[in-house]
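Written below as structure tokens is the structure these notes are about.
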Amino acid sequence: MKEHPFLTRRQLLLAGSLGAAAWFVPGVFAQELARTPASTEGPFYPDRLPLDTDNDLIVLGNSTTPAVGEITHLTGRVLTPNGSGINNAVVEIWQVDGNGAYLHSGSDNGERRDRNFQGFGRFTTNQQGEYRFRTVKPVAYPGRCPHIHFKVKQGDRTLLTSQIFITGEPSNARDGIFRGVGGIVERELVCAQWRRVPDARVPEWRANFDIVVGVTPPEGREPRAK
Amino acid sequence: MSTNFLVRWISAAFVIAALTIIPSAEAQPGPKKGKGDSLDDLVSKMMVFNKAKDGKLTKAELIDTRLHGLFERADTKKNGYITRDDLEALFNRERLDGSGFAPPKKK
């Protein structure tokens, strides 16, 4: 081994072994939840927000006509990597309607947009970091597999922008955005299982999707038990 | 303790910090383009939860429950644990090769 200009051979070997040992200290890494991978916002974040931006995308305001599509109850939690719920985080979702149109002036199929579908919703998490939406099961459209876009914000900061995919959906494998999320683990972390609601009169689903963001919770909050 | 000795040890500390701290402080990972699946990546990200360090990851060790579906798909023998071999078999079943379709652009 050549002499290092700053360190002796013995010191280099010790530094290397210490570095290697630190990298494989398992406790530091294994106790954390994996962060939800980010993904592109895409071009269809609403260019004009609807008057109604609540968490029920199926019914607009006081309308009695629901949107077309299979009802989905989307729930989950926004968490830190140590499992603490993040309070007062704003979760936004946006997606196509049953005809594949976004709430955006540049969306394809705009002339067929379902005027009863809100297209965009917001929900502020509680102390446990919980959020919930009522929306329609996303559908595929040319170039994309079914998905729901989301953002997590806190104050004026966007903590995460990404997308939720359907576990086991065959068209996921051909979707360039899904493939670009990362490897098998990353793709798993952006998928949610859509489960049928038993005994529902019409197709109705539940999907649970926890979001892990790498932020420090407000001071005074103790990490929660997992 | 001489100044020279201190300088050398501070240099070593920075080297160790660069190798260990910076990767773990990585910001929320962004979209990856054109990056293929990696078996080593899959194994390392799963086996990091193997607290017993015996090469047999149990569901109880996998504290990130969002990965339990992946665990179940890997545990084809229904042993209640998965090994590197199980993950390699899963990798060969689920890796994505070839091209996907491109997303639409704004009109």
Side-chain angles (χ1 to χ4, degrees), chain A residues 6-8 11-12 14-16 18-20 22-23 25-40 42-44 83 104-108 110 141-144 159-160 167 173-189 191 193 210 212-214 226, chain B residues 4-5 7-9 11-13 15-21 23-39 41-42 44-51 53 61-70 73 87 90-91 94-96 98-107:
Chain A
F6 298 109
L7 303 172
T8 65
Q11 288 163 347
L12 266 177
L14 182 57
L18 283 175
W23 181 251
V25 171
V28 174
F29 299 99
Q31 300 309 313
E32 285 202 339
L33 304 177
R35 286 156 175 75
T36 301
S39 188
T40 178
F44 299 119
H104 192 287
S105 58
S107 175
D108 287 334
Y141 56 85
R144 294 299 321 268
L159 304 182
L160 178 65
T167 299
R174 300 194 316 280
D175 184 295
I177 304 297
F178 180 74
R179 298 168 67 89
V181 159
I184 292 175
V185 170
E186 285 77 19
R187 296 197 296 270
E188 191 77 10
L189 294 173
C191 283
Q193 190 83 249
D210 283 346
V212 177
V213 292
K226 296 183 177 60
Chain B
N4 194 31
F5 183 84
V7 166
R8 289 180 175 188
W9 274 109
S11 300
V15 168
I16 294 169
L19 288 174
T20 61
I21 294 171
S24 67
E26 186 183 14
Q28 199 92 5
K32 294 177 173 58
K33 289 188 178 146
K35 195 166 180 174
D37 283 353
S38 154
L39 173 60
D41 188 62
L42 170 63
S44 65
K45 285 179 178 168
M46 294 296 284
M47 286 303 180
V48 74
F49 292 98
N50 180 211
K51 207 171 173 181
K53 309 201 83 46
E61 287 177 317
L62 188 52
I63 59 168
D64 197 330
T65 58
R66 297 170 299 160
L67 296 174
H68 280 186
L70 194 160
R73 297 197 308 275
L87 288 170
L90 178 82
F91 177 79
E94 298 195 5
R95 65 189 300 179
L96 294 183
S99 61
F101 43 70
K105 293 188 168 50
K106 208 186 304 186
K107 285 193 298 196

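None of these values were measured; they are calculated from a predicted model. All chains are named by letter (A, B, ...) in the order of the sequence lines, taking the proteins before the strands, and each is independently numbered beginning at 1.
Taking the salt bridge (Lys or Arg N to Asp or Glu O under 4.0 Å) definition, one finds that B/R73 meets it with A/E188, B/E94, sequence neighbours left out. Checked against side chain to side chain contact (heavy atoms under 4.5 Å, CB included), B/S44 has no partners two or more places apart in sequence or in another chain.
For B/M46, the part lying under 4.5 angstrom from a heavy atom of chain A is the side chain only.
Note: B/L96 CG to A/I184 CD1 = 7.5 Å, rounded to the nearest 0.5 Å. The CG atom of A/D210 lies 7.0 Å from the CZ atom of B/R66; values are rounded to the nearest 0.5 Å.
Residues B/D37 and A/R179 are not paired through a salt bridge, judged by the lack of any N-O separation under 4.0 Å between the basic side chain and the carboxylate.
A distance-only check finds a donor-acceptor pair linking the side chain of B/D64 to the backbone of A/A34 [under 3.5 Å].
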